[in-house]
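The structure appears right after this line, and notes come after that.
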Amino acid sequence: MGAGTSPADRAASATGPADEQAEGTADAAAAGVTDASAADAAEGPADGPDGRTGSHPEPGPEGASASPAARRSRRFPSFTRDTARPEGGGRAAGGDAPAPARQWPLLAVLCTAGAGLLIVAADPFAEAFRIGTILIGVALIGGAVLRLVVPSVGMLAVRSRFTDLVTYGLLGVLIVMLSLMAQPKPWLDIPLLEDAVHFAIR
């Protein structure tokens, strides 16, 4: 034990070189990283063989998605680009025919229903309300018949053939039945339906 030395000084001198060596290694590593970053900044972004940088990867084959997650996404698109044409939704006439001829089934139903609405609104004769509503119901029933018979009905086809038949036919029959049973002096008297209507509206 030398003069002027303490056990703490001896411990510091024993561990000193190791600590200094570790600090020197960390400083050297930090300096190397800084030098490498400066060199990269001076050289600019590394370009690939086709001139693309690392932030702009090469696109995949045409029509392929960027990632499998994009292909498997269940999110609905913002804009619908294509829809399935319903069964029998093709043109009712050839493509060279004028537009009214290509959509004559829809125009027939609309014109008949429009005539019924016009009769109801104008009320030109007695029982005009009944005749007009019957005409509207007949228009819908005619639409169901056209949907069943005509192979292609154009825009009259909204959903499947069965769904359109049920929708047009059921609505048409209900409108006709209600117009025949309308008061006063109903043309059709069905006690069961009359009791059901009175129970529903009272």
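Position 1 is the first residue of the sequence; numbering continues from there. Bear in mind the structure is a predicted one, so any value in this text is a computation, not a measurement.
Criterion: ILVMFWY side-chain heavy atoms under 4.5 Å apart, direct or through other members. Under it, Leu135 and Leu110 are not part of a common hydrophobic cluster. Residue Leu174 is not grouped with residue Met181 when hydrophobic side chains (ILVMFWY) are merged at heavy-atom distances under 4.5 angstrom, including chains of intermediate members. Hydrophobic clustering (ILVMFWY, side-chain heavy atoms < 4.5 Å, transitive): Leu180 and Val173 are in one cluster. Hydrophobic clustering keeps Leu165 apart from Val109 (ILVMFWY residues linked when any side-chain heavy atoms are closer than 4.5 Å, directly or through intermediates). Both Trp104 and Val158 sit in one connected hydrophobic cluster of ILVMFWY residues. Membership requires side-chain heavy atoms under 4.5 Å apart, directly or through other members.
Applying the salt bridge (charged side-chain N to carboxylate O under 4.0 Å, His left out) test to residues at least two apart or on different chains, none of the pairs has a partner in residues 171-183. Among residue pairs with one or both ends in residues 97-112, none qualify as salt bridge (charged side-chain N to carboxylate O under 4.0 Å, His left out); sequence neighbours excluded. A side-chain hydrogen bond (donor to acceptor under 3.5 Å, both in side chains) check over residues 165-180, counting only residues at least two apart or in different chains, returns nothing.
Shortest non-hydrogen contact noted between Pro105 and Ala92 is CD-CB, 3.6 Å.
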Determine all donor-acceptor pairs shorter than 3.5 Å in which one atom belongs to a side chain in residues 118-128; sequence neighbours excluded.
unit_1 : atom_1 : unit_2 : atom_2 : d
Glu127 : OE1    : Arg130 : NE     : 2.7
Glu127 : OE1    : Arg130 : NH2    : 3.3

What side-chain donor-acceptor pairs closer than 3.5 Å can you find for residues 136-152, not counting sequence neighbours?
unit_1 : atom_1 : unit_2 : atom_2 : d
Arg147 : NE     : Asp164 : OD2    : 2.8
Arg147 : NH1    : Glu87  : O      : 3.0
Arg147 : NH2    : Glu87  : O      : 2.6
Arg147 : NH2    : Arg159 : O      : 3.1
Arg147 : NH2    : Asp164 : OD2    : 3.3

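Listed by chain and number, the residues in a side-chain hydrogen bond (donor to acceptor under 3.5 Å, both in side chains) with Thr163 are Ser160 (sequence neighbours excluded). Under the side-chain contact (heavy atoms from CB on, under 4.5 Å) criterion, Pro98 pairs with Pro100, Ala101, not counting sequence neighbours.
Separation of atoms OG1 (Thr133) and CE (Met177) is listed at 13.0 Å; rounding is to 0.5 Å. To the nearest 0.5 Å, atoms OG1 (Thr112) and CG (Leu107) are separated by 10.5 Å.
Connectivity analysis of hydrophobic side chains (ILVMFWY, heavy atoms under 4.5 Å, direct or indirect) links Val166 to Phe162.
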